[in-house]
Amino acid sequence: MIIELILILVTITLFWYFNTRKPDKFPPGPPKWPIVGNRLQLKSWGALPHLAMGEAARRYGDVVGLFSGKIPVVLVSSLEAIKEVSSREDFSARPRSKLMEHIDQGSFGVLWISGEKWKDQRRFTLRNLKDLGFGKRSLEGIAHEELEAVFAEIEKISGGQKERWSHPVPVHDILGTAGINVLWHIIAGKRYSHTDPYLQKLMSNVKLLIKMTEPGGGPATAFPFLTKILPFLSNLQKILKLRASLQNFIKQEIKKHRESFDGDNPRDFIDTYINEVDKNRHNHQTWYEEKQLVMICVDLFMAGSDTTFNSLTFSMLYMILYPEVLSKVQEELDKVVGRDRLPSLEDRPSLPYVEATINEVLRLSTVAPLAVPHSPWYAEKDAELQGYIIPKNSRVILNLHAVHHDPKIWVDPQNFRPERFLDKNGKLIKHEAFIPFGAGKRQCLGEALARNNLFLFFSGLAQKYYISVPEGHPTPSNEVEGGLTVVPKAFEVRFQPRG
Ligand code: HEM
C-alpha cells in the first residue's frame, strides 16, 4: 500500500514537474499550469487583451512569456524590443498552427504566410497596387464620390434642412463602406452602394472573423486535438464558414473578370494577377495560381476594411470629445482649402494641423493594438531576444498600444493633443514611437491607401459639418470594444452644415 502511494506521488510529481517546466531562458511570466499552460489566464483577458497584456508587462517586464496550452506566447511591449522584432528576418514569419492550415489552406494569401513565398507575393501585391493608383491622386475622385454618398446619408438620417438637421446620426452606420469601396475599386474595378445588402453582409462577416481571432491563439490553436473530437469547443467551423463566404464572393468576381478578360489591358488588380497566372500556367513550381489570388483578396479585404472604418469612427468620437481640436482643424481647412471645394491630397502638405490630428487619432486609438502575431518558426533555430530564448513555435505579440500609451515616451499619453506631432513653428514632425501600422518587414501593406483615405474622409467631414453631441444625449465614453482590432462603442452625433 505504501509503495503504491509512493509510486502515485512520484508519478504526480514527475507529471507536474515536466508539465510546468519552462524552457531555459524563457522570458519571465506567470506560472505555467499542466496541460492548459496559461490558457485560462489568456482567455480571462477577454475582448481587450492589449490592456491585460499592458498589466502583465508592468508586472514581468517588456518581454513576457506565457503558454497557450503547449504553445509559447511571448508579449513584447517596449518600443526597442518591438522595433527589433519587426526588423529581424528570423521574426518575420507568422505563427503556424493546425487552425492556420485550415484557414489559409496550406499557406496561401499574404497576411498569414511566411518565407520566400510571402516575400514574393508581398512585393508583387504592393508593386501592382501602387501602379494601380494605391496612395495616388488618381483614386481621389473615387474617395470623393464615396464622401458625397456619406454626406447624402447624413442628410437623409438627420432630416436635412427640412428638419434642421436635428436627428442624431449613428456614426457606425454611415461610414460602413467608406474605405473598402476605394480598395475594392483597385482590386476589382467596382463600387458598391452603401446599402448593398451583400456588401454589408460581407463587412459584418469580416467583423465577426476579426472578433473571433485571438492574438494569443484560440482553443483550436492551443488544443488542436480537441478540434477533432469536440469541434464545438473551438470556433473553427464558424471561422471556416465565414471565410468561405468571403472566398466565394471573390471567386465570383474572378469568374466575371475572366469572362471579359483582355490580357493586354488589365483593368485592376484581379486582371493583373490573372495575367501572371496565365503566364505561369505550365510552370509547376509557380506561386501564381487562382487560389492564391482569392486568398490575397480575402487578406486585403480583412486587413483593410475594419481598420480604416474603425479609425474614421474614432476620428468622429474624438472630434466631439475635443471640440477645441475640431475648431482648429476647421480653421486650418478654411484658410488653406476654403469651403467651395473638397480637400484634395495635394493640400496635405499645407495642412499640418489636420495631419497631426489624424496622427493623434491613430496613436490614441491604436486600432490594431496587438498588430498581427509574428513568429521565429521559419528560422533555423530558436531566436534570442533581449537575453531571452524565444522557442521557434512561439506566437510573438507586439503591443503597439503599450508603446502609444507609454508615459516614458509621451507626455500625458491619455490626452488627445495633436500638438505633440508639431514643432514650435507648427510643422509636422516624425515621432519614432508612432507605429500604428507596425514597422519593418511586415509593416502594413495598405498604409499609403489608409492614410489617404483617412485624410480625405476626415478632412471632408470636418470641412462640411459642425460635429457635436446631440442635444439631451450624454457625452459618449471613449470605451472601446473588439479584439484584434478595436472600435468605439456605438454612439450618435449631430452633424450641422457649416454653410
Ligand atoms: C488605419 C488603417 C490601418 C491600420 C492601423 C493598419 C495596421 C496594420 C498593422 C499594425 C499590421 C501588422 C504589422 C505587423 O505584422 O507587424 C498590418 C498589416 C497588414 N495590413 Fe494594415 N492597417 C491599416 C489598413 C490597411 C489597409 C487599407 C490594407 C489593405 C490594403 C491593409 C493591409 C495589410 C496587410 C496585407 C498586412 C499584412 C502585411 C504582411 O504580413 O506582410 N491594412 N496593418
Side-chain angles (χ1 to χ4, degrees), residues 50 76 81-88 91-95 100 104 107-115 117-126 128-130 132-135 139 143 175 178-188 206 210 213 215 269 295-315 358-359 361-375 378 395-401 403-404 434-458 482 484-487:
H50 58 282
V76 182
I82 288 180
K83 287 239 157 138
E84 186 175 342
V85 168
S86 305
S87 63
R88 269 171 53 179
F91 278 112
S92 70
R94 299 288 188 208
M100 275 324 297
D104 70 7
S107 214
F108 284 90
V110 66
L111 182 63
W112 292 106
I113 68 169
S114 307
K117 180 173 181 180
W118 158 68
K119 281 188 199 158
D120 176 80
Q121 295 295 303
R122 179 180 161 106
R123 220 178 296 126
F124 179 89
T125 306
L126 200 52
N128 284 290
L129 289 179
K130 265 191 189 151
L132 287 159
F134 212 53
L139 277 184
L175 299 174
I180 198 63
N181 257 337
V182 182
L183 174 63
W184 198 235
H185 193 275
I186 310 174
I187 296 177
V206 168
I210 290 178
T213 311
F269 183 72
M295 299 299 262
I296 290 182
C297 293
V298 169
D299 283 350
L300 294 176
F301 209 94
M302 289 276 297
S305 55
D306 214 38
T307 41
T308 309
F309 166 82
N310 293 3
S311 307
L312 267 174
T313 310
F314 270 111
S315 75
I358 294 171
N359 282 359
V361 169
L362 290 167
R363 180 196 68 85
L364 192 61
S365 63
T366 318
V367 295
L370 300 173
V372 180
H374 288 232
S375 172
Y378 219 78
R395 296 175 74 87
V396 181
I397 297 176
L398 310 182
N399 195 343
L400 309 183
H401 182 275
V403 171
H404 283 168
F434 177 59
I435 45 171
F437 297 95
K441 299 193 185 305
R442 283 279 184 171
Q443 186 160 343
C444 176
L445 195 146
E447 179 174 349
L449 178 70
R451 279 189 171 278
N452 281 350
N453 272 342
L454 283 178
F455 170 82
L456 291 170
F457 283 96
F458 171 71
L484 205 60
T485 64
V486 291
V487 67

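Order of listing sets the numbers, starting from 1, for every ligand and every atom in it. Model, not experiment: these values are computed from the prediction. In this chain, numbering begins with 1 at the start of the sequence shown.
- Taking NE2 from H374 and NZ from K441, the interatomic distance works out to 11.5 Å, rounded to the nearest 0.5 Å.
- For ligand 1, the atoms sitting less than 4.0 Å from at least one non-hydrogen atom of S311 are 1 (C), numbered in the order shown with element in parentheses.
- Counting heavy atoms under 4.0 Å from ligand 1, residue E447 does not touch it at all.
- Counting atoms of ligand 1 from 1 in the listed order, those under 4.0 Å from a heavy atom of L400 are 10 (C).
- Among P373, A93, G304, G109, the residue whose heavy atom lies closest to atom 29 (C) of ligand 1 is G304.
- Within ligand 1, counting atoms from 1 as listed, the ones closer than 4.0 Å to a heavy atom of R122 are 38 (C), 39 (C), 41 (O).
- Residue H374 approaches ligand 1 through these ligand atoms, each under 4.0 Å from one of its heavy atoms: 14 (C), 15 (O), 16 (O).
- Under the 3.5 Å distance criterion, with hydrogens and angles disregarded, no donor-acceptor pair is assigned to the side chains of N453 and T308.
- Any N or O atom pair closer than 3.5 Å counts here, and T308 shares no such pair with ligand 1.
- Some N or O of R94 is nearer than 3.5 Å to an N or O of ligand 1, by distance alone.
- Which of C444, A371, G446, A448 comes nearest to atom 43 (N) of ligand 1 through a heavy atom is settled by distance: it is C444.
- L362 is listed as a side-chain neighbour of F437, based on a closest heavy-atom distance under 4.5 Å.
- Each of the following atoms of ligand 1 lies closer than 4.0 Å to a heavy atom of V367: 5 (C).
- Geometrically, K119 does not engage F124 in a cation-pi contact defined by less than 6.0 Å to the ring centre and at most 45° from the axis.
- Under the 6.0 Å distance and 45° angle rule, R94 does not count as a cation-pi partner of W118.
- Counting atoms of ligand 1 from 1 in the listed order, those under 4.0 Å from a heavy atom of A450 are 2 (C), 24 (C).
- The shortest side-chain heavy-atom distance between F269 and T125 falls under the 4.5 Å cut-off.
- Checking only distances, S86 never comes within under 3.5 Å of ligand 1, N or O to N or O.
- For atom 7 (C) of ligand 1, the nearest non-hydrogen atom from the set G440, P436, A439, G438 belongs to P436.
- For ligand 1, the atoms sitting less than 4.0 Å from at least one non-hydrogen atom of V110 are 40 (O), numbered in the order shown with element in parentheses.
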